[in-house]
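Presented below is the structure to which this report refers.
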Amino acid sequence: MFKAPRGTRDFLPDEMRERRYVETCLRRVFEDYGYREIVTPTFETLELITAKSGEEIKEHLYHFKDKSGRNLALRPELTAPVMRLYVNKLQFEAKPLKLYYFGSCFRYERPQSGRYREFWQAGVELIGSPYPEAEAEVIVLAADALDRLGLKNYELAIGSIGTLRAVLEESGVKGEDQNPIMSAIDKGEGLQELLDQKNVGERGRRILMGMLELRGDKDNVISSAENLLSDSPKALKELENLKTLLAFLEEYGVSRYVLDLGIARGLDYYTGVVFEIYAPRLGAEKQICGGGAYSLAEVFGGKPVATCGFAFGFDRLVLALKKERKSIAPSASRGCLVVPMGEGMLSTAIKVSRFIRKNNLCELELGRRRLRKALGYADRRGFRYVAIVGESEVERGCVVIRDMESGEQREVEIEKLKELKL
RNA sequence: GCCGCGAUAGUUUAGUGGUUAGAAUAGGGGACUGUGGAUCCCCUGACCCGGGUUCGAUUCCCGGUCGCGGCCCCA
């Protein structure tokens with residue numbers, strides 16, 4: 001017996017129906033906001049991935065040499081490929097440029113529930129607007145998608161890496177030197193040593209540590225932050241930006257969130273607002289969405305451009321929905337099963353199925369079952385109608401159409417089945 | 001990569017150092033030759049893999065594989 005490789009899954013028809021339902025809903029919301037779909041390759045050059053995330057990422061990648069010795073990697077996420085595509089082909093499009101994607105990603109991680117080695121991401125990138133209304137729209141879009149899917153139990157946390165970076169900058173830690181500190185904040189360890197190393201003074205530390213504590217209600221967090229940053233003009237400016245963004249969220253009707261100025265996300269390219277969405281019922285792997293404002297185009301050789309976006313962990317989203325309700329996409333009974341009464345009726349039944357299929361989902365009974373068994377099969381498979389092809393009706397040029405829900409039956413002329421709309 | 005738990009029909013499970021490994025459910029058929037969801041009967045169908053201990057291992061031990069709960073990381 002062969003098994004699917006570790007961390008991968010087969011999706012059975014019932015599950016695929018649910019996944020497609022969620023996927024379709026996400027696509028619709030993305031498109032309602034004006035995003036257009038793109039598809040990038042399943043594998044990329046290894047250098048693209050490491051340029052974005054560093055050499056350490058190789059530990060978590062499926063990477064390999066192809067037969068010509070090219071270093072390649074299965075994509076671990078889609079932001080880098082999308083930005084590569086942007087730099088390659090779309091830099092000179094009218095801005096802002098709104099793109100969305102849906103695709104599988106691969107990571108070499110220890111699998112557990114909500115964490116797979118092949119998993120799906122659905123997300124958007126909004127390229128070319130540096131303004132808070134763009135960032136606000138992206139957050140709103142994520143929340144709106146969850147609302148439209150009917151997910152009740154989720155927590156939106158908004159932070160500002162821009163503010164943290166400004167604090168560091170005012171303490172003399174500039175540019176890339178900030179990254180290890182951001183990463184330490186995210187991990188929650190090794191921060192003090194790094195601050196020693198970079199000679200961050202008493203004042204800078206006090207402000208930074210204070211900021212990391214700020215989590216909760218918007219008004220409280222903002223006013224505390226303003227106090228803390230009263231002598232830090234650059235950080236205050238970032239905070240102003242955040243306040244504007246939050247005011248826009250209010251206009252959109254999004255007020256269900258916590259402000260958490262300690263979110264660092266540990267990723268070097270985030271520059272401004274960041275946000276995360278959790279489905280608390282999922283346990284350890286509860287983050288279903290992550291995003292924010294970042295700066296990546298220049299890493300891939302393009303002109304710097306303000307970008308924001310997010311990615312949903314599609315599988316986790318589906319899991320979260322499943323935890324909340326029995327059925328994600330209730331399947332209505334539909335279509336018609338054509339049942340020949342005996343082998344003699346088969347060729348007529350084939351014609352009947354061909355006619356009905358012109359306008360309807362239609363399946364021919366292929367098991368040579370008796371009528372009783374065929375009706376049972378139709379019932380279990382959720383057919384709304386059964387067309388019974390029996391000798392006595394066929395002699396009159398008719399078949400019986402049975403409605404499986406009401407039990408009502410009527411005779412329909414075979415020739416008229418071409419126009420039949422069930 | 002680390003810590004812990006687990007693995008028996010398609011699914012949910014019972015049980016055992018020597019058993020025809022039991023059930024429920026699903027699947028096929030029949031009772032019921034052209035009218036479903038019920039009932040009854042029959043059939044199909046399982047001890048994850050490899051080593052060790054043993055007269056004998058599905059059961060005990062070790063390793064692997066896969067899964068699960070955490071850590072790390074992330075989605």
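Values reported hereafter were calculated over all heavy atoms of this structure, with side chains retained and with hydrogens, waters and symmetry mates removed.
Residues A/Ala311 and A/Gly390 both approach RNA chain B. Their nearest nucleotides, taken by heavy-atom distance, put A/Gly390 toward the 5′ side. If A/Val400 and A/Ile288 are placed on RNA chain B by their nearest nucleotide, the residue sitting closer to the 5' end is A/Val400.
B/rA46 and B/rA24 have their C1' atoms separated by 14 Å, with the value rounded to a whole Å. If you take atom P in B/rA7 and the same atom in B/rC48, they sit 9 Å apart, rounded to whole Å. Going from the P atom of B/rU39 to that of B/rU25 covers 8 Å, rounded to whole Å. Here, B/rU58 and B/rG52 have their P atoms 13 Å apart, quoted to the whole Å. Comparing B/rU59 with B/rU53, their C1' atoms are spaced 13 Å from each other, to the whole Å.
A donor atom on one side chain and an acceptor atom on the other are found under 3.5 Å apart for A/Tyr294 and A/Glu125. Inspection of the A/Asp147 and A/Tyr154 side chains reveals an N or O donor paired with an N or O acceptor under 3.5 Å. If you check the side chains of A/Glu31 and A/Tyr33, you find no donor sitting under 3.5 Å from an acceptor. Counted by atom type alone, A/Glu238 and A/Ser160 present zero donor-acceptor pairs between their side chains at under 3.5 Å.
Residue contacts shown for A/Glu391 include a base, since a base heavy atom lies under 4.0 Å away. In this structure, A/Arg402 reaches the bases: a heavy-atom distance under 4.0 Å links it to at least one base atom across the strands shown. Residue contacts shown for A/Arg110 include a base, since a base heavy atom lies under 4.0 Å away. At a threshold of 4.0 angstrom between heavy atoms, the contacts of A/Glu393 include nucleobase atoms, whether or not backbone atoms are also involved. Residue contacts shown for A/Gly114 include a base, since a base heavy atom lies under 4.0 Å away. Residue A/Leu317 is classed as having no contact, given no heavy-atom separation below 4.0 Å to the nucleic acid. No contact: A/Gly382 has no heavy atom under 4.0 Å from any strand. A/Arg9 comes within contact range of no nucleotide atom at all, as no heavy-atom separation falls under 4.0 Å. Heavy atoms of A/Tyr116 sit under 4.0 angstrom from at least one base atom.
Phosphate proximity of B/rU35 to A/Arg369: absent, as no side-chain N or O sits under 4.0 Å from OP1 or OP2. Contact check, A/Arg370 against B/rA31: a side-chain N or O comes under 4.0 Å of OP1 or OP2. Residue A/Ser113 places at least one side-chain N or O closer than 4.0 Å to OP1 or OP2 of B/rG69.
Remark: the backbone N or O of A/Glu155 is not paired with any side-chain donor or acceptor of A/Arg256 at under 3.5 angstrom.
In this pair, A/Phe312 does not lay its aromatic ring on the base of B/rA75; centres under 5.5 Å and planes under 30 degrees do not both hold.
With hydrogens and angles left out, the side chain of A/Glu285 and the base of B/rG69 share no donor-acceptor pair within 3.5 Å. Donor-acceptor pairing under 3.5 Å, judged by distance alone, is absent between the side chain of A/Gln112 and the base of B/rG67. The base of B/rC32 sits with one of its N or O atoms less than 3.5 Å from a complementary donor or acceptor on the side chain of A/Arg372.
If you check B/rG36, B/rG34, B/rG30 against the side chain of A/Ser392, the one that comes closest is B/rG34. Between B/rG37, B/rA75, B/rC66, one nucleotide has an atom nearer to the side chain of A/Arg316 than all others, and that is B/rA75.
Taking the six-membered ring where the residue is Trp, the centroids of A/Phe102 and A/Tyr100 are separated by 6.0 Å or more.
If you check B/rA14 for Watson-Crick or wobble pairing at under 3.5 angstrom, you find it has no partner at all. Across the strands present, B/rG4 finds its partner in B/rC68; the criterion is a Watson-Crick or G-U wobble pair with both atom distances under 3.5 angstrom. Within the shown strands, nothing qualifies as a pairing partner of B/rG34 under the Watson-Crick or G-U definition with both distances less than 3.5 Å. Across all strands shown, B/rG27 forms a Watson-Crick or G-U wobble pair with B/rC43, both key distances being under 3.5 Å. For B/rU54, there is no paired nucleotide, since no Watson-Crick or G-U wobble pair has both relevant distances below 3.5 Å.
Nearest approach of A/Leu375 to A/Met404, heavy atoms of both residues: O-CE, 3.5 Å.
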